[in-house]
Asker: 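This is the structure, below, for whatever I ask next.
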There are 2 protein chains.
Amino acid sequence: MARAGLTAERLTEAGAELADEVGFEHVTVSALARRFDVKVASLYSHLKGSHDLRTRIALLALDELADRVADALAGRAGRDALAAFAHAYRDYAREHPGRYTAARLRLDPEAAARSAGVKHAQMTRAILRGYDLTEPEETHAVRLLGSVFHGYISLEASGGFEHTAVPAEESWAWALDRLDALLRHRPTP
Amino acid sequence: MARAGLTAERLTEAGAELADEVGFEHVTVSALARRFDVKVASLYSHLKGSHDLRTRIALLALDELADRVADALAGRAGRDALAAFAHAYRDYAREHPGRYTAARLRLDPEAAARSAGVKHAQMTRAILRGYDLTEPEETHAVRLLGSVFHGYISLEASGGFEHTAVPAEESWAWALDRLDALLRHRPTP
DNA sequence: CCTGTTTGCCTAAACCCCTTAGGTGGATGC
DNA sequence: GCATCCACCTAAGGGGTTTAGGCAAACAGG
């Protein structure tokens with residue numbers, strides 16, 4: 001009986017690929033076992049179960065996304081940084097829809113603690129440093145940027161922009177432009 | 001053998017309640033049958049299956065949400081209309097998290113056609129009439145508003161705002177204020 | 001009233017996914 | 001070369017989904 005050489009890491013990676021192919025919600029311990037030509041029970045020596053698998057995929061996706069964003073941000077500031085951040089996010093979501101969905105999984109506190117979530121928040125704040133905001137405005141802005149990016153990607157992915165002729169690309173560029181302006185100018189009283 | 005008086009409508013309504021209680025992803029034909037004290041197979045005379053059930057709940061949620069927004073919008077314009085729209089959306093999501101998730105389900109084209117989705121888009125455009133934008137800017141703005149609202153609600157629901165002391169309420173008000181300003185002022189060249 | 005039809009709910013059965021308990025044999029270490 | 005370990009296996013129980021076919025309550029026409 002040849003050994004398949006399973007490890008938690010290989011299973012997680014394969015699970016992430018599976019997610020991109022069939023959708024995160026269809027990632028299943030059984031499907032993963034089939035992919036390795038192994039019996040389902042065999043995976044339980046490496047994973048605690050399906051919840052564990054999903055969590056691991058989410059952590060992988062958060063890490064990958066954080067790396068990409070960090071690369072994109074290197075050496076940029078202000079509007080350039082904003083655009084680089086936004087594009088890194090959107091590109092990742094388009095290339096890896098399953099992983100992106102996984103990254104949005106609600107994690108239990110321990111998983112959240114060892115996730116790259118904190119790094120994401122820090123990077124968003126780093127962008128805003130170019131716009132000199134003071135608290136609590138900086139937090140408001142972090143939340144607004146997160147909402148726009150996630151909301152746009154999510155609506156685009158669920159087909160919400162398909163019934164209008166205007167290319168999604170153009171609306172994205174327009175939104176970034178207006179967000180930059182919004183952050184640059186002090187509120188008008 | 002007493003009859004339970006099942007209909008597709010009652011099942012859909014009960015499914016929506018179930019979604020709010022246990023989360024849309026845990027709505028199951030079996031759980032619904034238990035709720036009516038009836039065998040699972042009995043539901044198949046009223047529903048085509050679990051996919052059909054989920055779709056019906058999504059359509060119900062879209063209808064309810066459209067009604068609420070229409071009420072909120074009545075007699076308002078400009079910034080008032082924007083705020084009313086935003087609050088109607090967010091309140092619905094907080095009162096009915098399961099239904100709100102259902103409303104975001106990707107519908108097949110036929111279901112989408114008979115959904116209230118079109119009405120939602122029309123109402124968003126109605127708000128923007130107070131800001132006199134021309135195409136394609138109006139479409140860009142529709143998409144931006146949709147992204148912010150959906151993104152904010154979604155991040156808030158998944159706990160993304162819980163690790164900072166600033167109340168989510170305040171950031172929401174701030175975002176609406178800045179969006180209003182963004183829409184009122186012509187882009188600076 | 002009562003008989004024939006409709007229809008609402010049931011049993012039975014097949015199939016897929018998740019999870020745990022306990023076994024076996026190939027790889028590894030002394 | 002023997003003991004140990006661990007990677008993968010079989011077995012079994014518990015859900016959820018879906019279809020096929022049956023029975024009896026509700027209903028309609030004569």
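In what follows, every chain begins at residue 1, and chains take the letters A, B, ... in the order their sequences are listed.
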Asker: State which residues pass salt bridge (Lys or Arg N to Asp or Glu O under 4.0 Å) with E95(B); sequence neighbours excluded, sorted by chain then number.
Answerer: R68(B)
Asker: Between dC10(C) and S42(B), is there an OP1 or OP2 to side-chain N/O distance shorter than 4.0 Å?
Answerer: yes
Asker: According to the salt bridge (charged side-chain N to carboxylate O under 4.0 Å, His left out) rule, which pairs have a member within residues 149-165 of chain A, sequence neighbours left out?
Answerer: R90(A)-E156(A), R94(A)-E156(A), E162(A)-R106(B)
Asker: Kindly state which residues belonging to residues 9-19 of chain B come within less than 4.0 angstrom of DNA chain C, counting heavy atoms of the residue only, listed by number.
Answerer: none
Asker: Please, which pairs that meet side-chain hydrogen bond (donor to acceptor under 3.5 Å, both in side chains) have at least one residue in residues 115-124 of chain A, sequence neighbours excluded?
Answerer: none
Asker: In whole angstrom, give the distance that lies between atom CG of L6(A) and atom C1' of dG26(C).
Answerer: 15 Å
Asker: Here's one to test your reading of the geometry: is the NZ or CZ of R99(B) within 45 degrees of the ring axis of Y92(B) and under 6.0 Å from its centre?
Answerer: no
Asker: Is L60(A) reachable from L11(A) through a run of I, L, V, M, F, W or Y residues, each pair having side-chain heavy atoms under 4.5 Å apart?
Answerer: no
Asker: Treat primed atoms plus P, OP1 and OP2 as sugar-phosphate and everything else as base, then score nucleotides 12-19 of chain D 5' to 3': B for base contact with protein heavy atoms under 4.0 Å, S for sugar-phosphate contact only, - for none.
Answerer: ----SBBB
Asker: State yes or no: do L176(B) and V166(B) share one hydrophobic cluster built from I, L, V, M, F, W and Y residues joined by side-chain heavy-atom distances below 4.5 Å, directly or via other members?
Answerer: no
Asker: In whole angstrom, what separates D37(B)'s CG from dG8(C)'s C1'?
Answerer: 15 Å
Asker: Distance-only criterion, 3.5 Å: show the donor-acceptor pairs between side-chain atoms of residues 22-44 of chain B and protein atoms not counting sequence neighbours.
Answerer:
{"from": "H26(B)", "atom 1": "ND1", "to": "V22(B)", "atom 2": "O", "distance (Å)": "3.0"}
{"from": "R35(B)", "atom 1": "NH2", "to": "E21(B)", "atom 2": "OE1", "distance (Å)": "2.6"}
{"from": "S42(B)", "atom 1": "OG", "to": "K39(B)", "atom 2": "O", "distance (Å)": "3.1"}

Asker: Looking at every heavy atom in both T55(A) and A111(A), which two are closest together, and how far apart are they?
Answerer: CG2-CB, 3.8 Å
Asker: Can you check the K39(A) NZ to dC16(C) C1' distance for me, whole Å?
Answerer: 14 Å
